[in-house]
Amino acid sequence: MKILGIDTSCDDTAVAVTEGRRVLSNELFSQIEIHGEWGGVVPNLAKRAHEEHFDSVYASALTKAGVTMDEIDAIAVTYGPGLAIALGVGIKKAIELSKKYDKKLIAVNHMAGHVYSCFAQNADGQPDFPIEFPYVVVLVSGGHTEMHLMKDHHTFTRIGTTHDDAAGEALDKGARIILDEAVYPGGPVIEKMALEGNPDFIRFPRPMERSKTLDFSYSGLKTSLLYKVRSMTEEERIKHQNDLAASYQAAVFDSLLYKVKAAMKQYKVNKICVGGGVAVNKTLRKKFELLAESQGGYVLVPSDRFLNGDNGAMIGVAGYFQALNEDFVHDVDTLERNARAAL
Ligand code: KG4
Ligand code: ZN
């Protein structure tokens, strides 16, 4: 079953063609440069850029996959969560295409997409591994930090979430504090600085470490960083920016790992699946690998860097498993965006 996967939930205009778990093409127009100078995503600019770039991204997704719309079986589109006016662009295009080519429509949750990005394979079916439930699913992006128990396809039970900022947001804000300038996204900047820094420079608090829940919290940690930076002179800050980044990143990741380990014990699950933009981070991946191995299991992360951030392929793969369940939109005109959709 070939699926056209569409995601316009935030700052990437993304269209892909997938077949089962295989990704035949995965095209993207990234708006990073448009939003970078503002230090965050500007909704109106995102909407306009999606409108301007959708048609060319869509055309190249078909061309790269070597297919025409006649060969596409269904269209999968993100309905939420995300930026409302950005989501609206992809949904409108998906409805138009569904009517024009008489294709079934599948409404996919963006966070489910991030989970399914871990199951995606390249066009040759690599990496070839079975999907073995249950997983502890960890979603770490700019807007979300949540943990789910995944017992079967599209069967999620939320077991932990953040009380305030998301892990990616904590990194984004942290980068701004450490560098004292608008940077976006901050996660990759912190990762790069951290590689050259000393993670033991300061021991930032590990929020929620003592709480019995599986929830997260990052705003206190960000405040600790802010106070630390304020206590330093400009010269000291610049001299130690790599150390600050390494120490801060370690605190963000430790707080995450601590709860994932607790969840694995509580639910007796030794397999982890990590999705979302923050999962690109190599230091974080290594920590997850060590944790899973220590429990006799393994960790799944997206196998290709284009599957880590927002992309259309993850929507196509997630949509495929919905299609197997006959989970289609019955009346395409009723499909609405849901900016705060939960998994
Ligand atoms: O999933 P995503 O692309 O967009 C959504 O938020 O849905 O995630 C973006 C987040 C940003 O907060 C960004 O700073 C973070 O992922 N990120 C990273 C890295 N690359 C992106 N965080 C840590 N290390 C990275 N290399
Ligand atoms: Zn995302």
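In each ligand, atom 1 is the first atom listed, and ligand 1 is the first ligand listed. What you see below is based on every heavy atom in this structure, not just the backbone, and it leaves out hydrogens, waters and symmetry mates.
Proximity of L300 to Y135: side-chain heavy atoms (C-beta onward) are separated by under 4.5 Å at one or more points. Looking at heavy atoms from C-beta onward, Q126 lies out of side-chain contact with Q121 at the 4.5 angstrom threshold. For the pair R237 and Q241, the minimum side-chain heavy-atom distance is below 4.5 Å. Inter-residue side-chain proximity for I178 and M193 is flagged as met; some heavy-atom pair is nearer than 4.5 Å.
Atoms of ligand 1 lying under 4.0 Å from at least one heavy atom of H110, given by number and element, are 7 (O). Residue G309 has at least one heavy-atom neighbour below 4.0 Å for each of these atoms of ligand 1: 3 (O). Every atom of ligand 1 is numbered from 1 in the order shown, and the set under 4.0 Å from a heavy atom of P185 is 13 (C), 14 (O).
In this structure, a donor-acceptor pair under 3.5 Å is absent between the side chains of N109 and H154.
Here side chain to side chain donor-acceptor pair (under 3.5 Å) pairs that include residues 220-230, with residues two or more places apart or in two chains, are D165-K222.
A donor-acceptor distance shorter than 3.5 angstrom exists from the side chain of D172 to the backbone of G186, with no hydrogens or angles considered.
In this comparison of P188, S117, P81, the heavy atom closest to atom 20 (N) of ligand 1 sits on P188. Considering only non-hydrogen atoms, atom 18 (C) of ligand 1 lies nearest to G187 out of G187, A194, G82, G186. In this structure, of G142, S30, G168, the residue bringing a heavy atom nearest to atom 10 (C) of ligand 1 is G142.
In terms of protein heavy-atom proximity, atom 26 (N) of ligand 1 is closest to E191 OE1, 2.7 Å. The protein atom (non-hydrogen) at minimum distance from atom 15 (C) of ligand 1 is V278 CG2, 3.9 Å. The protein heavy atom nearest to atom 21 (C) of ligand 1 is G277 O, 3.5 Å. Remark: minimum distance from atom 24 (N) of ligand 1 to any protein heavy atom is reached at N281 ND2, 3.0 Å. Among protein heavy atoms, atom 12 (O) of ligand 1 sits closest to D172 OD2, 2.7 Å.
Counting only protein N, O or S atoms, 3 lie closer than 2.8 Å to the Zn ion (ligand 2).
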List the steps, then state whether side-chain hydrogen bond (donor to acceptor under 3.5 Å, both in side chains) holds for H148 with E146. CA-CA 7 Å; H148 297 261; E146 49 192 57; 2.9 Å; yes
I would like to know whether Q322 and Y116 meet side-chain hydrogen bond (donor to acceptor under 3.5 Å, both in side chains); could you show each step before the answer? CA-CA 11 Å; Q322 285 179 240; Y116 279 84; over 6 Å; no
Could you walk me through whether H240 and F201 pass ring-ring contact (aromatic ring centres under 6.0 Å, His included), step by step? CA-CA 9 Å; H240 287 294; F201 175 63; 4.5 Å; yes
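Contacts between L171 and ligand 1, counted as non-hydrogen atom pairs separated by less than 4.0 Å, involve the side chain only.
Ring geometry for F119 against F133 counts as perpendicular: the plane angle is over 60°, on a 0 to 90° scale with 30° as the lower cut.
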Taking only distance into account, with no hydrogens and no angle test, what donor-acceptor pairs under 3.5 Å do side-chain atoms of residues 276-286 form with protein atoms, sequence neighbours excluded?
unit_1	atom_1	unit_2	atom_2	d
N281	OD1	T283	N	3.0
N281	OD1	L284	N	3.1
N281	ND2	Q249	OE1	3.2
R285	NE	A279	O	2.7
R285	NH2	A279	O	3.4
R285	NH2	P302	O	3.4
R285	NH2	N308	OD1	3.1
K286	NZ	E289	OE1	3.4

In residues 76-88, what donor-acceptor pairs under 3.5 Å come from side-chain atoms, sequence neighbours left out?
unit_1	atom_1	unit_2	atom_2	d
T78	OG1	I6	O	3.4
T78	OG1	D7	OD2	2.6

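In this structure, H114 counts as a contact residue of ligand 1, since one of its heavy atoms falls inside 4.0 Å of the ligand. Using a non-hydrogen distance threshold of 4.0 Å, G143 registers as a contact of ligand 1.
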